[in-house]
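Within every chain, numbering begins at 1; the chains are lettered A, B, ... in the order of the sequence lines, protein sequences first and strands thereafter.
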There are 2 protein chains.
Amino acid sequence: MNKKYTIKDIALLAGVSKGTVDRVLHKRGKVSDTALKKVTAILETIDYKPNLIAQNLKNNKTYHICVLLPDPNIDNYWQRCKIGILNASQDFEPFNVIVSIIEFNPQFTESFVENHQKALKQNPDAVLLAPLFYKEAQTAITDYKNLNIPVLTFNNQVTPITADGFVGQDLIQSGRVAARLFETTIRSGHITIIHINEDISNAKHMQEKESGFRTYFESKEENAFKISTLHVEADKLHALLTNYLENNTDTKGLFITTSKSYLVAETLEALRINDITLVGYDLLDLNVKYLNSGHITYLINQNPKHQAHLGVTSLAEHLIYQNKISKTTYLPLDIINSENVKQYITN
Amino acid sequence: MNKKYTIKDIALLAGVSKGTVDRVLHKRGKVSDTALKKVTAILETIDYKPNLIAQNLKNNKTYHICVLLPDPNIDNYWQRCKIGILNASQDFEPFNVIVSIIEFNPQFTESFVENHQKALKQNPDAVLLAPLFYKEAQTAITDYKNLNIPVLTFNNQVTPITADGFVGQDLIQSGRVAARLFETTIRSGHITIIHINEDISNAKHMQEKESGFRTYFESKEENAFKISTLHVEADKLHALLTNYLENNTDTKGLFITTSKSYLVAETLEALRINDITLVGYDLLDLNVKYLNSGHITYLINQNPKHQAHLGVTSLAEHLIYQNKISKTTYLPLDIINSENVKQYITN
DNA sequence: TTGAAAGCGCTAACAC
DNA sequence: GTGTTAGCGCTTTCAA
């Protein structure tokens, strides 16, 4: 029988008081050798698990988690992150965890720095942040560490970073997923990787995806593909791509490394091109529209909502239950086509 | 300021005792009109949310959830379900929820009936079951309903079923996902749907997938595909398929509606056929092996682990927090290729 | 009909 | 060092 033991039971068995048992369990010292031995002896024979509920009932302190992320109004990608954060926030409300969201402008490092200061002032018990800017993020993390505040990063993995953990995706592998999709869909031919630069903060992201993409093909014995790379500013994309496609009529695939693949789809639609396989990222409304129209063949879901949710959950459980924060958590790389997109959006 | 109100606060504000407030909150009657009015007046002005933790601390009754599923040793598909159940079980251990797993033999209806009786004897507070056999499942559900025990079904959606809810996948849509995968990979040609019958319990499953698969192509303006269907017993598959492929050299795709696609891959490997696109279901070890070797092109993940986890979670939260059990929960239809399979297995 | 009081399991302050 | 005690928020019993 696996009876549920309580502190009271242990105290009774060991012939000491609850207080002593508590001191032993929490290694708070001030316990005689004999008492210590008696209690540990009991603890070894039974399977004692503290009642986490009761533990937290007493703890009427409220925990404060601060999340630092880009303003979804400036970059829509972050909207779903915000939803994930709000959901997680609700989950932990009964445990007296409050989550405050601070938004910065992803176009300016100054905005990040400034809002990081704002976060510091709130004196949070834990911080979740999107380390868009390498240097500034590093400094911010050091600030928190000095104050002994646990920090978790998400979405952008910047190594070597000194945060307590990271939640996100393996971007190299994500490039390989795209590569394999092209391999099965077009089998051979010319594929162009398009990096759409809106702001510098994405550079690392895009580069890793390209690296995974290329090495996938390079590691094959026979490589039937020709790979090119194109860097474009969002506002010049239409003109440049139109021109590019005219000069590269052998183009069979386009791999867009950011969430702006709808911009490319718009161009293809305008040019009435239907025979190019387009693989991009993220379930933005506009991307989904073009996925359904067939202009985008596959989207890889970076699952921002789940990332953020997991980040908050991980920190909350660390605060409440003293759970360890795992160093690296990689989320699945979801492959989305027109037929399975619905469930990913509604969930 | 959104202060956290407690029953004590309300009692103080209303000038009554905690007991009375509690009676009002739980509509247990035995409250005078005046007291009732005073308390409800207060409740309307403030935002009171009971502390779920404290609520459950008192509840030293343990909840018992019973899960009825096929023996994973007989059909390996259910192994990951079991893991999901055990995980969820751990999550709710602190809340005094115990989960017992009862396994039946999916090859015999009698085994289901017999084990259902075993479950009944345990007098559980809630039941999660895989309704493999329509008629017998229906009877079982009625039994539980008569005893006022909430029942959730998972994995197999059998309509019209009278359970309180269902967790699983949209199988029609799942067939459409496969169809779209073939459309992008082979563009045109002959595809054969293979139903591998091990036992009758899968019939409905396979039929729905086929239906979704076919209607996807039928709804297109121009249909470049020829679709055939093949029913095979597992032990006769190799011989029959070898023969079939000899007589149907135009075969470009094979869609396997069960988790046994590795059997087909074995045959293709033996015949040294590499140019047939194979789409199957589920991340069984053997399937993953052939996914990595390239004999299987895509797998659709039915996510048994998540299904079962969600089922147990949903029931546990119903018992603990009186959460409603949602009528239908559809999980995402994950598309898996050799490059993203890893994250799905380890998570 | 109502308030007072005990107690769920755990923690922490406080006497001894 | 150690036991006792009060209290976290809520439920439930019991007297009044």
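A sub-4.0 Å separation between OP1 or OP2 of C:dA12 and a side-chain N or O of A:R28 is present. When the side-chain nitrogen and oxygen atoms of A:T20 are compared with OP1 and OP2 of D:dG3, one or more of them lie within a distance under 4.0 Å. An OP1 or OP2 oxygen of C:dG9 is reached within less than 4.0 angstrom by no side-chain nitrogen or oxygen of A:Q55. The phosphate of D:dC10 (OP1 or OP2) has a side-chain N or O of B:Y48 nearer than 4.0 angstrom. The side chain of A:S32 places no N or O atom within less than 4.0 Å of a non-bridging phosphate oxygen (OP1 or OP2) of D:dG1.
In this structure, CG of B:L25 is placed 12 Å from C1' of D:dG9, rounded to the nearest angstrom. Rounding to whole angstrom units, CG of residue B:N51 and P of D:dC10 are separated by 6 Å. Straight-line distance from the CG atom of A:L36 to the C1' atom of D:dT2: 14 Å, rounded to whole Å. The nearest whole Å value for the distance from the NZ atom in B:K8 to the C1' atom in D:dG7 is 9 Å. For B:K18 and D:dT11, the NZ to P distance is 10 Å, given to the nearest whole Å. Distance CD1 (B:I7) to C1' (C:dC8): 15 Å, rounded to an integer number of Å. The CG atom of B:L12 sits 13 Å away from the P atom of D:dG9 (whole-angstrom rounding). For the pair B:D33 CG and C:dT1 P, the interatomic distance rounds to 10 Å; values are reported in whole Å.
Residues A:K30 and B:T6 both approach DNA chain D. Their nearest nucleotides, taken by heavy-atom distance, put A:K30 toward the 5′ side.
Side chains of B:Y63 and B:H318: a donor-acceptor N/O pair is absent below 3.5 angstrom, by distance only.
The side chain of A:D22 sits closest to C:dT11 out of D:dT2, C:dT11, C:dC10.
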Is there a side-chain hydrogen bond (donor to acceptor under 3.5 Å, both in side chains) between A:T329 and A:S326 once you walk through the steps? CA-CA 7 Å; A:T329 309; A:S326 58; 3.1 Å; yes
Could you walk me through whether A:D164 and A:K327 pass salt bridge (Lys or Arg N to Asp or Glu O under 4.0 Å), step by step? CA-CA 6 Å; A:D164 298 285; A:K327 203 70 194 159; over 6 Å; no
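Taking 4.0 Å as the cut-off between side-chain N and carboxylate O, B:K342 and A:D170 do not count as a salt-bridged pair. Checked for salt-bridge contact, B:D22 and B:R28 meet the test: a charged N lies under 4.0 Å from a carboxylate O.
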